[in-house]
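A short write-up of the structure that comes next.
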Amino acid sequence: MTLLSPRRAFRSDLRRPYAGAEKAVCGQSVPLSTKIFLFVGFLILSGALQRPIGGDVIEGTPTAGIAIESNFAMAVVGMIFYAWCGVYALRYFDRVKVPTSALPLVYVAALALASTIWSEMPILTLTRAAGVAGCTLFSLVALSMVDTGEMRRMLENFSIFLIAVTAVVAVTSPGYAFHSDTDIFVRHAGLLRGTFIHKNSLARVLCLLVVILYYAIDRSRTFGILKWSAIILGVGMLAATDSAKIAVSMPLGIVAAHILTKLGNSTFRYAAVGFVVIAIATVSFTGLAEALLSGTAEAVGRDATFSGRTLIWQAAIEDALKSPILGSGYAAAWPTSTGLAVWRALGFDPGHAHNGYIMTIVDLGLVGVALMGFFLASAFIRLMGRQSGGDDALLKFQFAWFFVFVANNMAGSFMVQSSDIYWFTLVIMAGFLDKAVKPITPRFAISGNGPFGTGRHRSASPSNSGGAFP
């Protein structure tokens, strides 16, 4: 056997990327090249590089920057990265599998690409849809490279890194990290945005990172200190973004995950959900819903229209009915039709529908929202059927992230976003659902079966529960 120097071994891993996947499947440590590749992917999808790479110049209206993020330099970086993923998938097509649970998401990506045919802005649609397809491809490649436990560890480490960097930028460069009265988002002056385009972009990513870390297992004292420090920092920076929807959705997701996991089996879980549904229906029929919504809005510093969102929703839905089946083309419907209709109705263009479900209907029609609804419903049913007592941290994360995603899209438009870490998380969550949740084993125990039933012996240290720096 020929021994390679560290430099030659690293280059060999870059030329033969599946080497990392083979080592992960066997339960050995993942090579540095694979970790760097995945880390770069996480960074691109997070949106944290939008301003550092492309600057603050955004084409179009100020709020259109949130939805379209016109950034040519960042688009080039993303396309190069996705092209590498495509080369990998072609070379190792037998290794890259599509989890059954992820099929609806793959169909949504395909529909976004197909909508180029009927879009009034085919170039824009093709460019943005390529981002959705590329993100889906990267997610599938990532699932083929590492197992569930290693994926969670890498996401946990990335979460600590990005929270720490954002905090450092906020402290050392406040003029850059906070909205000012001279930038195009003048009404958000004084609110934190870090290296992101908009304070809401930072808030939703921080929400995901905090949820990931909250359910990370403390594998060492050092990691525990880093984890809780990052969570405290993340929550503090969330407060500095003044994001009302995150202030509601993140606690809701964590509480719901805790309750449903503690209930233990599907019978009690469905009973609890049924009780909540009946309670909501009762409140609605008795006329208390409006008062409760108004009270909630006031509690988070918003008005009864949720900063005008309900008016936007009404105007957007009315326009979406013009092309209800397949929509008006992914990312093109708003600038060509719906945005103009909202502007005529309200006197301003908010840039997007501020609701992921409505935005999906606008872009991809009832077919697109039905596919997303089918995915969310099937994921929820499978989670409800999972028994507690195995890897409860993973189950709690999946429950929490499900409710956070569903709730956030009621006030934000990121259900089907191009090159987005939320979309990536949905795909890998589907991969987690298709893999058995194994009990946590001692760090140095020897298991007779590999993580995919290969029958190979392995150490349990990189097993199906994450939590420590590699």
- Query: Is the backbone N or O of I197 less than 3.5 Å from a side-chain atom of S201, with the two atoms forming a donor-acceptor pair by type?
  - Reply: no
- Identify the two heavy atoms, one from F39 and one from F158, that lie closest to each other, and give their separation to 0.1 Å. CE1-CD1, 3.6 Å
- Main-chain N/O of D242 paired with K199 side-chain donor or acceptor, under 3.5 Å: yes
- Message: With side chain to side chain contact (heavy atoms under 4.5 Å, CB included) as the criterion, how do V132 and Q417 come out once you've worked through the C-alpha distance, each side chain's angles and the decisive distance to 0.1 Å?
- Response: CA-CA 7 Å; V132 179; Q417 277 280 68; over 6 Å; no
- Item | Non-hydrogen side-chain atoms of S328 and T338 separated by less than 4.5 Å | no
- Message: Using side chain to side chain contact (heavy atoms under 4.5 Å, CB included), reason through Y215 and R152 one step at a time and then give a plain yes or no.
- Response: CA-CA 10 Å; Y215 293 109; R152 291 169 63 191; 5.9 Å; no
- Item | Non-hydrogen side-chain atoms of V406 and Y357 separated by less than 4.5 Å | yes
- Closest approach of C135 to W423 (non-hydrogen atoms, all atoms of both residues): SG-CD1, 3.8 Å
- Task: Indicate the ring-plane relationship of W84 and Y88, choosing parallel, tilted or perpendicular according to the 30° and 60° boundaries.
- Result: parallel
- With W401 as reference, evaluate Y422, F380, F424, Y214 under the ring-ring contact (aromatic ring centres under 6.0 Å, His included) test and give the passing residue. Y422
- Heavy-atom check, side chain of S139 versus side chain of T425, under 4.5 Å: no
- Got E120 and T125 here, is their nearest side-chain heavy-atom distance under 4.5 Å? no
- Item | Step-by-step side chain to side chain contact (heavy atoms under 4.5 Å, CB included) determination, L383 to L260 | CA-CA 10 Å; L383 286 174; L260 291 176; over 6 Å; no
- Are L371 and L364 close enough that some pair of their side-chain heavy atoms sits under 4.5 Å apart? no
- How long is the span from the OG1 atom in T166 to the CG atom in L233, to the nearest 0.5 Å? 9.5 Å
- Message: Could you walk me through whether F37 and F81 satisfy the ring pair (Phe, Tyr, Trp, His ring centres under 6.0 Å) test, starting with their C-alpha distance in whole Å, then the side-chain angles of each, then the deciding distance to 0.1 Å, before giving a yes or no?
- Response: CA-CA 9 Å; F37 166 72; F81 183 80; 5.1 Å; yes
- Message: Can a donor-acceptor pair be found, under 3.5 Å and without considering hydrogens, that links the side chain of R51 to the backbone of G194?
- Response: yes
- Please name the residue in the list L376, V108, N408 that meets the side-chain contact (heavy atoms from CB on, under 4.5 Å) test with M415. L376
- Note on the structure: Distance col, row T116:OG1 vs L111:CG, nearest 0.5 angstrom, shows 10.0 Å
- Query: Is the backbone of S144 close enough, under 3.5 Å, to the side chain of Y92 for a donor and an acceptor to pair up by distance?
  - Reply: no
- Mind listing the closest non-hydrogen atom pair of S249 and V404 along with its distance? O-CG2, 3.6 Å
- Evaluate side chain to side chain contact (heavy atoms under 4.5 Å, CB included) for V210 paired with M237, printing each intermediate quantity in order. CA-CA 11 Å; V210 170; M237 289 189 293; over 6 Å; no
- Does the pair E156 and R153 meet the rule for a salt bridge (charged side-chain N to carboxylate O under 4.0 Å, His left out), with working shown? CA-CA 5 Å; E156 291 159 11; R153 276 190 293 276; over 6 Å; no
- Task: Taking atom types as modelled, find out whether S115 and D363 have a side-chain donor-acceptor pair closer than 3.5 angstrom.
- Result: no
- Task: Return yes if some donor-acceptor pair links the side-chain N/O of S119 with the main-chain N/O of G329 below 3.5 Å, else return no.
- Result: no
- Message: Within a 6.0 Å radius of atom CH2 on W343, are there more than 12 heavy atoms belonging to other residues, nucleotides or ligands?
- Response: no
- Message: Using only atom types and a distance under 3.5 Å, with no angle test, would you say the side chain of T241 pairs donor to acceptor with the backbone of N200?
- Response: no
- Task: Determine whether V205 and L162 make a side-chain contact, defined as any pair of heavy atoms from C-beta on separated by less than 4.5 Å.
- Result: yes
- Query: So how far is it from I317 CD1 to N355 CG, rounded to the nearest 0.5 Å?
  - Reply: 7.5 Å
- Kindly compute the distance separating CD1 (I246) from SG (C207), expressed to the nearest 0.5 Å. 4.0 Å
- What are the two closest non-hydrogen atoms of K35 and V30, and how far apart are they? CE-O, 3.3 Å
- With a 6.0 Å cut-off on ring centres, are F397 and F432 close enough? no
- Judged by modelled atom types alone, do T261 and D392 share a side-chain donor-acceptor pair under 3.5 Å? no
- Message: I'd like to check Q50 versus T195 (side-chain heavy atoms, cut-off strictly below 4.5 Å). Are they in contact?
- Response: no
- Query: Do L38 and F138 touch side chain to side chain, with heavy atoms closer than 4.5 Å?
  - Reply: yes
- Query: Does any donor atom in the side chain of Y82 or S419 lie under 3.5 Å from an acceptor atom in the other side chain?
  - Reply: yes
- Query: Is R386 reaching over with its side chain to a backbone N or O of L433, donor-acceptor style, under 3.5 angstrom?
  - Reply: yes
- Query: Between D319 and R344, is a salt bridge (charged side-chain N to carboxylate O under 4.0 Å, His left out) present by the stated rule, with each step listed?
  - Reply: CA-CA 11 Å; D319 186 75; R344 285 193 293 267; 5.4 Å; no
- d(M250 CE, L208 CG) to nearest 0.5 Å is 11.0 Å
- Could you give the distance from NE2 (H198) to NE2 (H188), rounded to the nearest 0.5 Å? 3.5 Å
- Query: Between K245 and G412, is there a donor-acceptor pair closer than 3.5 Å when you use the side chain of the first and the backbone of the second?
  - Reply: no
- Which heavy atom of S220 sits nearest a heavy atom of F223, and at what distance? OG-N, 3.1 Å
- Within a radius of less than 6.0 Å around CZ of F374, do more than 12 heavy atoms belonging to other residues, nucleotides or ligands occur? no
- Nearest heavy atoms of S413 and N409, plus distance in Å: C-OD1, 4.3 Å
